[in-house]
Every structure is written in C-alpha cells, then in structure tokens.
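Shown next, in structure tokens, is the structure this report addresses.
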Amino acid sequence: VIVFRDIDESRALALKMAHTVQYDQLTDLPNRFLLMERLKVEMEQVRDSGKKLGLLLLDVDRFRLINEEFGFDYGDALLKKVAKRIRQQLRQGEMLSRHNADEFMVLVPGIEQVGELGSLAVSIKEHVMQISQLRPELGDFSASIGVSVYPDDAADAQALMLHADAAMNRAKGDASYEGICFFSEQMDSNFTL
C-alpha cells in the first residue's frame with residue numbers, strides 16, 4: 001500500500017511540474033514554450049495543405065501604469081478578464097497563450113483568406129475594450145494587436161513571432177492603425193533585433 005501511495009504521489013507531482021512548465025501560473029493558459037511547440041507543428045501542416053496560419057499578438061497598453069496605480073492584485077484580475085474575453089472570441093482549433101506580463105498570443109491555423117484574421121483581430125479588440133465600460137476607473141484603457149501570417153511574412157516560428165511583435169509596436173505607436181496592424185515588408189526593413 002505504501003509503495004502504491006508513493007508512486008501516485010510521484011506521478012501527481014510529475015504531472016503538476018509538467019503543467020507548471022507549459023502553462024502560465026496566473027491565467028492557466030499555455031505559455032510561450034507550449035505555443036512554440038504547437039506553432040511548429042501547425043506550420044508543418046499548413047505547408048502541406050497550402051493554407052495559411054496567423055499569429056495575433058495582443059498587448060495591454062500602459063499595463064505597468066495600471067499596476068502602479070491600482071496594485072498588482074488589480075492588474076492580475078485585469079489580465080484574467082482580458083484572457084477570458086479573448087478566449088470567448090475564439091473558435092475550436094485556435095490557441096490562446098500568455099507571454100510577457102501583459103501580452104497574449106493567438107495562433108490561428110488553417111486560414112484560407114487573410115481577411116479572416118482581420119475580422120478576428122477586430123472582434124477580439126472590441127471585446128477586450130468592453131472592459132473599460134465595466135471598469136470606468138481605467139480611463140483610457142486600450143490594447144494593441146499585431147498580426148503576422150505564415151508563410152507570407154516569415155519562414156519560421158521565431159520570425160513569425162518577431163513580425164507579430166513589430167506589427168503590434170506599429171499599432172501601438174501610430175494612431176492611424178486604430179490599435180490593429182498587419183506586418184509588412186516595410187516593417188521588416190526597419191526592424192532591428
């Protein structure tokens with residue numbers, strides 16, 4: 001009986017450790033490492049099917065200031081709400097993950113038309129922005145989304161993520177994009193590692 005109990009405890013601990021390595025502690029979403037694994041698999045499948053794959057990177061603007069003004073518990077609760085609102089806009093097969101403190105990525109496999117990504121990005125942004133109506137104390141709460149497409153914008157997973165980041169920074173820095181920007185080759189020539 002003692003041996004079986006020890007084995008069960010060891011197995012439970014191993015499962016918990018595996019979960020901790022692959023999932024974000026706060027939101028219980030897949031983390032960057034798990035997304036990268038799935039991204040590589042999906043890129044192989046897309047390559048064979050002739051379809052496209054999209055990557056959306058959402059950043060909560062001025063999140064550090066929100067943490068400073070309202071505290072870390074408030075910031076954590078806000079991130080959970082953002083994650084929930086993004087998840088509500090996803091269909092089966094898409095993967096939401098949390099990256100840095102205030103960044104979320106959505107992997108969208110099997111795209112036939114790039115316009116699908118634009119519609120999804122708008123839907124996610126609108127849904128996330130509704131938080132400001134529920135939390136008026138946030139004032140000018142906003143989020144920015146960068147979008148990159150495989151194989152159009154990058155040949156590998158790392159470049160696809162970097163291009164989504166470059167597009168997100170452009171969306172954040174240029175009001176004419178209204179918070180959503182697709183990666184372009186022009187950004188690539190201006191983007192330095």
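Sequential numbering from 1 along the given sequence is applied to the chain's residues. These numbers come from the heavy atoms of this one structure, side chains and all, not from hydrogens, waters or symmetry mates.
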* **Residue pair Gln89 / Val128, side-chain heavy-atom distance below 4.5 Å** =>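 A side-chain contact is absent here, since even the closest heavy-atom pair is not under 4.5 Å.
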
* Report yes if some heavy atom in the side chain of Asp140 is under 4.5 Å from a heavy atom in the side chain of Arg62; otherwise report no. =>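 Yes; the side chains approach each other to less than 4.5 Å.
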
* Asked: Between Thr27 and Leu96, is a side chain to side chain contact (heavy atoms under 4.5 Å, CB included) present by the stated rule, with each step listed?
  -> CA-CA 11 Å; Thr27 61; Leu96 172 62; over 6 Å; no

[X] and [Y]: same hydrophobic cluster, using ILVMFWY side-chain contacts below 4.5 Å?
X	Y	answer
Met95	Val41	no
Leu29	Leu26	yes
Leu58	Met129	yes
Ile145	Val114	yes

* To do: State the CG-CZ distance between Leu134 and Arg85, to the nearest 0.5 angstrom.
  =>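 It comes to 5.5 Å.
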
* **CZ on Phe183 to CG on Asp152, rounded to 0.5 Å** =>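 That separation rounds to 11.0 Å.
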
Check for a donor-acceptor pair, side chain of [X] on one end and backbone N or O of [Y] on the other, with a separation under 3.5 Å.
X	Y	result
Glu37	Leu34	no
Lys125	Ala143	yes
Asp156	Ala159	yes
Arg98	Ala101	yes

* Start with the C-alpha distance between Arg135 and Phe141, add both sets of side-chain angles, then the distance that settles side chain to side chain contact (heavy atoms under 4.5 Å, CB included), and finish with yes or no. => CA-CA 9 Å; Arg135 300 282 183 184; Phe141 172 77; over 6 Å; no

* Asked: Is the shortest distance from a Lys or Arg side-chain nitrogen in Glu68 or Arg64 to a carboxylate oxygen in the other one below 4.0 Å?
  ->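 Looking at Glu68 and Arg64, the cut-off is met.
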
* Where is the tightest heavy-atom contact between Lys172 and Val60, given as atom of each residue plus distance? ->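 Heavy atoms of Lys172 and Val60 come nearest at NZ-O, 4.5 Å.
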
* Passes side chain to side chain contact (heavy atoms under 4.5 Å, CB included), Glu126 versus Gln130? Steps please. -> CA-CA 7 Å; Glu126 287 175 352; Gln130 290 173 0; 5.5 Å; no

* **side chain to side chain donor-acceptor pair (under 3.5 Å), paired with Tyr150, selected from Arg47, Lys51, Lys52** =>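 Only one option passes, and that is Arg47.
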
* Apply side chain to side chain contact (heavy atoms under 4.5 Å, CB included) to the pair Leu90 and Ile124, showing each step before the final yes or no. => CA-CA 9 Å; Leu90 302 183; Ile124 287 172; 4.2 Å; yes

* Asked: Of Met105, Met161, His163, which is the lone residue that meets side-chain contact (heavy atoms from CB on, under 4.5 Å) with Leu57?
  ->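 Only one option passes, and that is Met105.
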
* To do: Decide whether Ser144 and Asp59 meet the rule of one side-chain donor and one side-chain acceptor closer than 3.5 Å.
  =>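 No, no side-chain donor-acceptor contact under 3.5 Å.
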
* Asked: Can you tell me if Asp61 and Ser142 form a side-chain donor-acceptor pair at under 3.5 Å?
  ->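 The criterion, which ignores hydrogens and geometry beyond distance, is satisfied for Ser142 and Asp61.
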
